Asks: 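Mind looking over this structure? Questions follow.
Position 1 is the first residue of the sequence, and the numbers go up from there. From a predicted model like this one, the values you see are computed outputs, not experimental measurements. Every heavy atom of this structure was used, including side-chain atoms; hydrogens, water molecules and symmetry mates were not.
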Amino acid sequence: MILSTAYFPPVSWFALLLRDSTLSPDRVFCPPVLLEAHESYVKQTWRNRCLVLGPNGVEMLQVPVAHSASMAIREVRVDYSTPWVMRTIRALDTNYESSPYYYYYKDGFADILGSRIPLLWDLNLALAEHCLTLLGLPCPLVPTDGFTAPGTLANDHRYTLSPKLPDTVLADMGLQRPWYQVFSNKFGFTPGLSILDLLFNEGPSAVSFLMGKIDPEK
C-alpha cells in the first residue's frame, strides 16, 4: 500500500491503510504502509488541509505553508507567522467539545500542533502516527526511497483522495455507513471528514468501524 502524506487524514485514508490488515480477538496485524516522500508538493489537497464538522456545518482547517513551484514534499515548511495553531485548537473546541471522546484526545493533538514542527511532512507524520496510537494500530509508516510514476505500482493510492474528487473509497470497500456525529440532528450524517471526527465521536470503536467489523450506530 502506498499513500500520500495528509494533514489529519480523511477517514478513507485510514480505511485504505488498513485494507490489508487482519483483526484478531486481541490485536490488529498491520503491514507497513509506504508514504510518498519524493513527489513535488501538490497544492489544494489533503496534504495541508482537512474537513471537520461543527455547529455551522463542514469547516476546512488548513496549515499555511511556504513553498515554491516543484518543491519536494519533504522540503515544504509550515508557516507560523499567523496564529493558525490557536485558531485550529479553538475550532476543534467549538466543533467537538460535546463529542464523547474529545477531552480524552484533545491534549495529545494540541501538544503536537503547539510544538511548531518546522516541516509539513514531519507534522503530518507526527499527527498520523498519533492517530494510529489512539486507534491501537501498530502500522509502520515508511517513506518511499524514490518516486515512481503513477500507474506502475500495485495498491497505489497516492492520488486517489482529493478535495476536488468524489471520495468513493468507503463505498468501494463496503464501509459506507454512518457513525455517531454530534450535529447529525441538524445536518444528518456528513461523510468525507477527517479521522478526527471518527475518533472524537467513536473513540475505541473507530478501528472496528475502519475494518468493517461493527456498525457504530448499533
Side-chain angles (χ1 to χ4, degrees), residues 3-14 17 33 35-37 41-68 71-143 161 163 181-183 190 192-204 206-207 210:
L3 297 165
S4 65
T5 183
Y7 172 65
F8 286 130
V11 171
S12 49
W13 189 94
F14 283 90
L17 179 148
V33 173
L35 293 184
E36 177 53 67
Y41 175 68
V42 183
K43 297 188 294 183
Q44 299 180 8
T45 65
W46 299 132
R47 289 158 183 78
N48 75 320
R49 64 195 62 202
C50 69
L51 297 180
V52 295
L53 183 66
N56 297 315
V58 175
E59 180 178 357
M60 179 178 287
L61 305 179
Q62 298 187 55
V63 178
V65 295
H67 66 89
S68 58
M71 177 176 281
I73 185 65
R74 295 187 77 167
E75 298 175 356
V76 175
R77 301 189 67 83
V78 179
D79 182 356
Y80 289 99
S81 65
T82 63
W84 68 268
V85 171
M86 181 180 64
R87 290 198 296 263
T88 297
I89 293 172
R90 285 179 177 174
L92 294 180
D93 284 342
T94 299
N95 295 346
Y96 290 107
E97 63 181 354
S98 298
S99 63
Y101 295 94
Y102 181 60
Y103 283 99
Y104 293 98
Y105 298 156
K106 62 172 287 188
D107 289 344
F109 291 122
D111 287 345
I112 294 172
L113 292 172
S115 65
R116 299 175 68 91
I117 295 174
L119 298 177
L120 180 66
W121 169 273
D122 294 330
L123 174 62
N124 288 352
L125 184 61
L127 292 171
E129 289 179 337
H130 186 63
C131 289
L132 290 172
T133 297
L134 295 179
L135 291 165
L137 298 174
C139 298
L141 300 178
V142 182
L161 302 174
Q181 292 177 332
V182 172
F183 300 103
T190 304
L193 301 177
S194 163
I195 189 64
L196 291 174
D197 192 82
L198 183 60
L199 275 171
F200 292 152
N201 285 305
E202 292 293 340
V207 66
L210 287 166

Asks: Under the 3.5 angstrom rule, does the side chain of S194 hit a backbone N or O of C50 as a donor-acceptor pair?
Replies: no
Asks: How long is the straight-line distance from CG of D111 back to NZ of K106, given to the nearest 0.5 Å?
Replies: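 Spacing of NZ (K106) from CG (D111) equals 10.5 Å.
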Asks: Give me the atom names and distance for the closest heavy-atom approach of A110 to I89.
Replies: CB-CD1, 3.9 Å
Asks: Does the plane of the ring in Y104 sit parallel, tilted or perpendicular to the ring in Y101? Use 30° and 60° as the thresholds.
Replies: tilted
Asks: Let me confirm one number: the OG1-OH distance from T88 to Y7, rounded to the nearest 0.5 Å.
Replies: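 If I round to the nearest 0.5 Å, the distance is 4.5 Å.
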Asks: Where do D79 and W84 come nearest, in terms of heavy atoms and distance?
Replies: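 Heavy-atom minimum between the residues: O-NE1, 3.1 Å.
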Asks: Would you call the rings of Y96 and Y102 parallel, tilted or perpendicular, taking 30° and 60° as the class edges?
Replies: tilted
Asks: With rounding to the nearest 0.5 angstrom, report the CG to OG distance, N201 to S98.
Replies: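 Rounded to the nearest 0.5 Å, the CG-OG separation comes to 10.0 Å.
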Asks: Step by step, would you call T82 with R87 a side chain to side chain contact (heavy atoms under 4.5 Å, CB included)?
Replies: CA-CA 9 Å; T82 63; R87 290 198 296 263; 3.8 Å; yes
Asks: Shortest non-hydrogen contact from R74 to P143?
Replies: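 Smallest heavy-atom distance, with atoms named: NH1-CB, 3.7 Å.
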Asks: Please tell me if the side chains of P9 and W46 come closer than 4.5 Å, counting only heavy atoms from C-beta onward.
Replies: no
Asks: Using 30° and 60° as the class boundaries, would you call the ring planes of H67 and Y41 parallel, tilted or perpendicular?
Replies: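 Rings of H67 and Y41: tilted, as their planes differ by 30° to 60°.
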Asks: For residues 119-142, which side-chain donor-acceptor pairs fall under 3.5 Å, sequence neighbours excluded?
Replies:
residue	atom	partner	partner atom	Å
N124	ND2	T5	OG1	3.1
N124	ND2	R47	O	2.9
T133	OG1	E129	O	3.1

Asks: To the nearest 0.5 Å, tell me how far L17 CG sits from S12 OG.
Replies: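 Going from the CG atom of L17 to the OG atom of S12 covers 11.5 Å.
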Asks: The criterion is side-chain contact (heavy atoms from CB on, under 4.5 Å); which residues satisfy it with E59, sequence neighbours excluded?
Replies: V52, L61, A91, N95
Asks: When rounded to the nearest 0.5 angstrom, what is the spacing between CG in L198 and CD in Q181?
Replies: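 Nearest 0.5 Å value for the CG-CD distance: 9.0 Å.
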Asks: Within this structure, what is the CG-CD1 distance for the pair D107 and I112, rounded to the nearest 0.5 Å?
Replies: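 Here the rounded value is 11.5 Å.
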Asks: Within the supplied structure, the quantity of interest is the number of heavy atoms (other residues, nucleotides, ligands) at a distance under 6.0 Å from R49 CZ; does it exceed 12?
Replies: yes
Asks: Would you say the side chain of L210 lies within less than 4.5 Å of the side chain of V11, judging by non-hydrogen atoms?
Replies: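 The answer is yes; the side chains approach within 4.5 Å.
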Asks: Is T94 close to N56 at the side-chain level, that is, under 4.5 Å between some pair of heavy atoms?
Replies: no
Asks: Of all the heavy-atom pairs spanning V207 and P204, show the shortest one and how long it is.
Replies: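 So the two residues come closest at CG1-O, 3.8 Å.
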Asks: Is W13 reaching over with its side chain to a backbone N or O of S4, donor-acceptor style, under 3.5 angstrom?
Replies: yes
Asks: Kindly give the heavy-atom pair with the smallest separation between L199 and F109, and that separation in Å.
Replies: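 Smallest interatomic distance, heavy atoms only, reads CD1-CZ, 4.1 Å.
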Asks: Report yes or no: does N48 contribute a side-chain atom to a donor-acceptor pair with the main-chain N or O of V63 at less than 3.5 Å?
Replies: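 Side chain of N48 to backbone of V63, a donor-acceptor pair under 3.5 Å: yes, one is there.
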